[in-house]
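These values consider heavy atoms only, across backbone and side chains, with no hydrogens, waters or symmetry-generated copies.
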Amino acid sequence: MASTSTSLIPLRGHGRKASFSSSPAKTALKKALRFSFSSRSSVVICVKSSSGALKYNEVVVDEEMDKIRRLQNGSDVRGVALEGEKGRTVDLTPPAVEAIAESFGEWIIKALQKERGRPVEDVTVSLGKDPRISGASLSVAVFAGLARAGCLTFDLGLATTPACFMSTLLPPFAYDASIMMTASHLPYTRNGLKFFTKKGGLTSPEVEEICDKAAHKYANRLTKVSTMLNSPPKKVDFMRAYAKHLRDIIKERVNHPIHYDTPLKGFQIIVNAGNGSGGFFTWDVLDQLGADTFGSLHLNPDGMFPNHIPNPEDKTAMALTRAAVLENTADLGIVFDTDVDRSGVVDNNGNPINGDKLIALMSAVVLKEHPGTTIVTDARTSMELTRFITDRGGHHCLYRVGYRNVIDKGVHLNQDGVETHLMMETSGHGALKENYFLDDGAYMVVKIIIEMVRMRLEGSDEGIGSLIKDLEEPLESIELRMNIISEPKYAKARGREVIEAFRSYIEEGQLKGWELDACGDCWVSEGCLVDSNDSPSAIDAHMYRAKVSNEKNEEIGWVHIRQSIHNPNIAINMQSSVPGGCQLMTKVSLGKWNGQNPRLFSGRQ
């Protein structure tokens, strides 16, 4: 009979245990906080080595598999690819990337076989990348994995995320699938993968399925990564074709009566590419159409991003662009993020247009073309934006934070007969029905440029900023981040428990004047964040929005709480239409959680 031994492994947390009176909400929150944040709590895992019991090597395999599963970031894969980030270790390694790429290749082949009802051969997959310095080594791993799966591979080189998707559609390329290697606006140490088919970006459940298969491969493979490519990928210059595609759209839709091929003649446009992939828009789109782009910034790709974060939400990026617009008396400034799936602009008066303002600008343009259309945004947008849209005859659907959530909602609404032409998140991700529901920062700018030229042709010199001159701004707006002090693999679960406890507090009436928000449209309920129709979308991160009213039952603001899918923290957004409203809502909400022990959370504003 085999002997049995037991190994005790303590897992330590941080913070003191809180004390709460009994109620379902407080019981749930107490449980969540005790495990997530208590420094004196410990969990004991018993690992028994005996026949019929859990083997040590099985535990190791589970840990190896978790390494891959934790790389999933909603509908993307993201991780640390290089040393140099404090408190983070490299987890997006070539072996991990190869396993994920191979699983994606197998997933594509299986999907095509199911779609066509027969075996498929010569499945083609393209790969583009942003200029991150980890891109070269990780690209080899992607190509190796795809080759293992039996795919033919094509190297787009430096590319943008929207271009990768368009490589599955534009002839003569029309690949079966594509991968973009990027980590968007995150530090140079990070990298990631985005996946596309001809139908669009993969969903979170689909990426979860791929990562699960990759986890098994990674954990059980003796040789972790291929060191040689038996058939190197074919290099193609797709960005030239993609740039021509954008130029043709501008020429055709402006239809300039005097200079059709150079409709931007007489306009000065500043581009800030942030040393990402967006420089092509200056050389291959604007310059070719006759625009003056003198004064543009950071066009050359540099994977260390030495000047500022390539991000239209970044204050430095917008300030530098604003200064360049004013210095050169330009008509428009453009800010792209690293992989050009997001953008922001600066008008001719130097006014930055991003966040709610960019959504309002795009809404104004789209509602001219499609009166009465529904516009989907994430639930962090302001009450003032809702009024702006409805005053112009549009309908506003607030939905779950996350660009794929917002875009997919628009797709589903159209399928259900609700005309929805614009889907946009406050981060700058925006998609249009007319453009394959693709979040394309360059295409968004194309729409704005076309409107700017049309206004000039109609005799107006006001500039595109005049389209949102009556958009009011919230009196107060803040964002808080509450770090979850827990082991990374437990952080999401603990954050979910805390957020659900928040919901219970409101439902039980413990926060006077607080009510889970609902827009009363689009089959959305429970804080405008959960589908209640026959085919609800999968929940990738827990979140709720609550509207807050005063003692006269007048709505004075809202609070949105969500679980971050990027980092182990909880994000809290607040807006108020009265002075001191955000401070009051902060005291009420956080006081309920950790008023008895401020160490329960590590917070930053």
Side-chain angles (χ1 to χ4, degrees), residues 20 23-33 374 376-387 390 395-402 405-406 409 412-413 425-426 474 476-480 482 494-534 536-565 570-578 581-582 584-593:
F20 296 88
S23 78
K26 292 184 178 179
T27 300
L29 183 57
K30 179 178 178 181
K31 178 182 177 183
L33 294 179
T374 292
V376 182
T377 72
D378 65 272
R380 297 171 298 181
T381 54
S382 67
M383 296 182 288
E384 289 78 10
L385 177 64
T386 299
R387 283 196 291 270
T390 55
H395 300 279
H396 187 195
C397 173
L398 295 101
Y399 197 57
R400 299 176 57 78
V401 174
N405 293 328
V406 171
K409 185 62 182 178
H412 295 153
L413 288 175
E425 197 185 34
T426 50
E476 295 180 348
S477 180
I478 65 168
E479 178 176 282
L480 304 173
M482 312 305 294
R494 303 310 157 234
R496 182 166 61 249
E497 291 177 14
V498 171
I499 291 170
E500 288 301 319
F502 169 82
R503 171 189 174 182
S504 297
Y505 271 135
I506 296 174
E507 290 181 333
E508 293 172 4
Q510 296 192 45
L511 300 178
K512 188 177 180 180
W514 292 45
E515 180 183 354
L516 289 179
D517 206 354
C519 61
D521 196 5
C522 318
W523 310 282
V524 178
S525 62
E526 298 187 24
C528 279
L529 302 172
V530 179
D531 293 320
S532 58
N533 61 337
D534 293 334
S537 298
I539 294 176
D540 55 354
H542 282 243
M543 59 188 83
Y544 294 103
R545 170 166 160 153
K547 59 183 178 182
V548 182
S549 302
N550 60 18
E551 61 277 1
K552 298 179 182 178
N553 204 31
E554 299 168 332
E555 187 174 351
I556 61 169
W558 54 261
V559 177
H560 183 275
I561 178 172
R562 64 187 169 91
Q563 176 185 24
S564 173
I565 62 173
I570 292 172
I572 305 174
N573 292 85
M574 301 181 186
Q575 287 190 1
S576 173
S577 58
V578 299
C582 286
L584 177 62
M585 288 186 287
T586 300
K587 287 181 178 179
V588 170
S589 58
L590 298 187
K592 274 291 181 183
W593 288 334

- prompt: Just by modelled atom types, is the Glu476 backbone N or O under 3.5 Å from a matching donor or acceptor in the Gln575 side chain?
  reply: no
- request: Could you tell me whether the side chain of Arg545 and the main chain of Ala379 form a donor-acceptor pair under 3.5 Å?
  value: yes
Heavy-atom check, side chain of Met574 versus side chain of Thr586, under 4.5 Å: yes
message: As a quick check of understanding, evaluate side chain to side chain contact (heavy atoms under 4.5 Å, CB included) for Ile478 and Asn573, giving each step before the final call.
response: CA-CA 6 Å; Ile478 65 168; Asn573 292 85; over 6 Å; no
- request: Let me know which of Ile561, Val401, Ile570 forms a side chain to side chain contact (heavy atoms under 4.5 Å, CB included) with Met543.
  value: Val401
message: Name the residue from Thr381, Asp378, Thr377 that meets the side chain to side chain contact (heavy atoms under 4.5 Å, CB included) definition with Glu425.
response: Asp378
Inter-residue atom distance [X].[atom1] - [Y].[atom2], 0.5 Å rounding:
| X | Y | atom1 | atom2 | value |
| --- | --- | --- | --- | --- |
| Phe502 | Leu516 | CZ | CG | 7.5 Å |
| Lys409 | Tyr399 | NZ | OH | 5.0 Å |
| Glu497 | Ser504 | CD | OG | 11.5 Å |
| Ser382 | Arg387 | OG | CZ | 8.0 Å |
| Thr386 | His396 | OG1 | NE2 | 4.5 Å |

field: Listed partners of Ile556 passing side chain to side chain contact (heavy atoms under 4.5 Å, CB included), at least two apart
entry: Val548, Asn550, Ser577, Val578
field: Test side chain to side chain contact (heavy atoms under 4.5 Å, CB included) applied to Glu555 - qualifying residues, sequence neighbours left out
entry: Met383, Lys547, Ser549
field: Pairing of Glu507 and Arg503 as salt bridge, 4.0 angstrom limit
entry: yes
query: Any salt bridge between Glu551 and Lys512, counting N to O under 4.0 Å?
result: no
field: Trace of the side chain to side chain contact (heavy atoms under 4.5 Å, CB included) decision for His560 with Ile572
entry: CA-CA 6 Å; His560 183 275; Ile572 305 174; over 6 Å; no
- request: For side chain to side chain contact (heavy atoms under 4.5 Å, CB included), just list the numbers for Trp558 and Trp514, CA-CA rounded to whole Å, side-chain angles, deciding distance to a tenth of an Å, and then say yes or no.
  value: CA-CA 9 Å; Trp558 54 261; Trp514 292 45; over 6 Å; no
task: Of all the heavy-atom pairs spanning Ser576 and Cys582, show the shortest one and how long it is.
output: CB-N, 3.8 Å
Between Thr390 and His395, a side-chain donor and acceptor under 3.5 Å: no
